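In what follows, every chain begins at residue 1, and chains take the letters A, B, ... in the order their sequences are listed. As the structure is a prediction and not an experimental result, all values here were calculated from the model.
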Amino acid sequence: MRFSNDMSIQFPNKSANEGFARVAAAAFVAQLDVTVEELSDVKTAVSEAVTNAIVHGYENMKGYITVACRIEGDLVEIKVSDSGHGIPDVEKARQPLYTSRPELERSGMGFTVMETFMDEVDVVSALGVGTTVIMKKRISEKD
Amino acid sequence: MKLEKLGEQLIVRLEGELDHHYATRVREAVDAAVLVGDIRKIIFDFTEVGFMDSSGIGAIMGRYRLMRTVGGTVGAFGISPRVDKLIAMSGIKKIITIYTTEKEATRGIS
């Protein structure tokens, strides 16, 4: 039988929660037979998505971020959602080195990092409603 | 984080996870030190950094811009393979110098 499990955490958009969110997601994924490198990839991708929600999603406002993780067999799916401003142009936002907030020293690499460290990244966003980033990663078979 | 001034060099000893939360503090502390210390080279010690995301890259790029305004440079040493994965994909090796040891970094090369 395929192993399946899921979890969800919710927290306010405080930057102190970035560390909590990525460690919680990595600890959940560690139920699978993962390498240290795969865990680190997940941690980094979650950190990018949660930081985006804090810096851009909830710019100048308060709100909650949800990180939902699901394991189906060897597939890990992580959804990071906010109910913030939404992204006006998702395609532009995903371009390497593009940032809407250079004054905050954003490197513009967030989505590029997510795409590099995960197998699949989808972004669903609606202005005034919020943004959900859905990331998938297949965990490699171990000997 | 600990800051050490060595002549015109500022050694920034980072500790823990260099994310957006920590990067904000690093930026404030380093910029204040540069302002009062007449610094021409910022050297980041990554020995105790176990995690970094793109916010760390942004912070380094920001300090590079700051140094450029005074004709200074930025360097780093003690980078683990995990942190290097991100540094390599960011392209910042074109603007900052990565050293293998602290001695090399402080010896005054570039």
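More than 12 heavy atoms of other residues, nucleotides or ligands lie within 6.0 Å of CD in A:E103, so this atom counts as buried by the packing criterion. The number of heavy atoms from other shown groups lying within 6.0 Å of NZ (B:K5) is above 12. Within 6.0 Å of the CD atom in B:E48, the count of heavy atoms belonging to other residues, nucleotides or ligands does not exceed 12. For NZ of B:K2, the number of neighbouring non-hydrogen atoms (other residues, nucleotides, ligands) closer than 6.0 Å is 12 at most.
Using a 4.5 Å cut-off between heavy atoms, B:S90 contacts chain A through both its backbone and its side chain. In this structure, the portion of A:V55 lying under 4.5 Å from any heavy atom of chain B is its side chain and not its backbone. The contact between A:T51 and chain B is made entirely by side chain atoms (from C-beta outward), counting heavy-atom distances below 4.5 Å.
Interatomic distance, B:R25 CZ to A:S15 OG, rounded to the nearest 0.5 Å: 9.5 Å. How far CG of A:L104 is from CZ of B:R27: 6.5 Å, rounded to the nearest 0.5 Å. Rounded to the nearest 0.5 Å, atoms NE2 (B:H20) and CD1 (A:I54) are 7.0 Å apart. From B:I57, atom CD1 reaches atom OG1 of A:T112 across 11.5 Å, with rounding to the nearest 0.5 Å.
Taking each heavy atom of B:A59 and A:E105 in turn, the nearest pair found is CA-OE1, 3.9 Å. The two residues B:S54 and A:S107 have their closest heavy-atom pair at O-OG, 3.2 Å. Pairing each heavy atom of A:G19 with each of B:D19, the nearest pair is N-OD2, 4.0 Å.
A:I9 and A:V29 fall within a single hydrophobic cluster, where Ile, Leu, Val, Met, Phe, Trp and Tyr are joined by side-chain heavy atoms under 4.5 Å apart, directly or via other members. Both B:I95 and B:L10 are members of a single hydrophobic cluster when ILVMFWY side chains are connected at heavy-atom separations under 4.5 Å. Cluster membership check: B:I87 shares its hydrophobic cluster with B:Y64, using side-chain heavy-atom separations under 4.5 Å among Ile, Leu, Val, Met, Phe, Trp and Tyr. Cluster membership check: A:M118 shares its hydrophobic cluster with A:V133, using side-chain heavy-atom separations under 4.5 Å among Ile, Leu, Val, Met, Phe, Trp and Tyr. Linking Ile, Leu, Val, Met, Phe, Trp and Tyr whenever their side-chain heavy atoms come within less than 4.5 Å leaves B:F51 and A:V46 in two separate clusters.
Per-residue counts of heavy-atom pairs under 4.5 Å with chain B were compared for A:E48, A:R22, A:R106, A:K43; the largest is that of A:R22. By number of non-hydrogen pairs under 4.5 angstrom with chain A, the leading residue of B:R63, B:M52, B:M61, B:R65 is B:R63.
In this structure, B:L86 and A:F117 have side chains that are in contact, with non-hydrogen atoms separated by less than 4.5 Å.
Without hydrogens or angle criteria, A:S47 side chain to B:D53 main chain gives no donor-acceptor distance under 3.5 Å.
Looking at A:E18 and B:H21, their side chains never bring a donor and an acceptor atom within 3.5 Å of each other.
With salt bridges taken as basic N to acidic carboxylate O contacts below 4.0 Å, one links A:D41 and B:K85.
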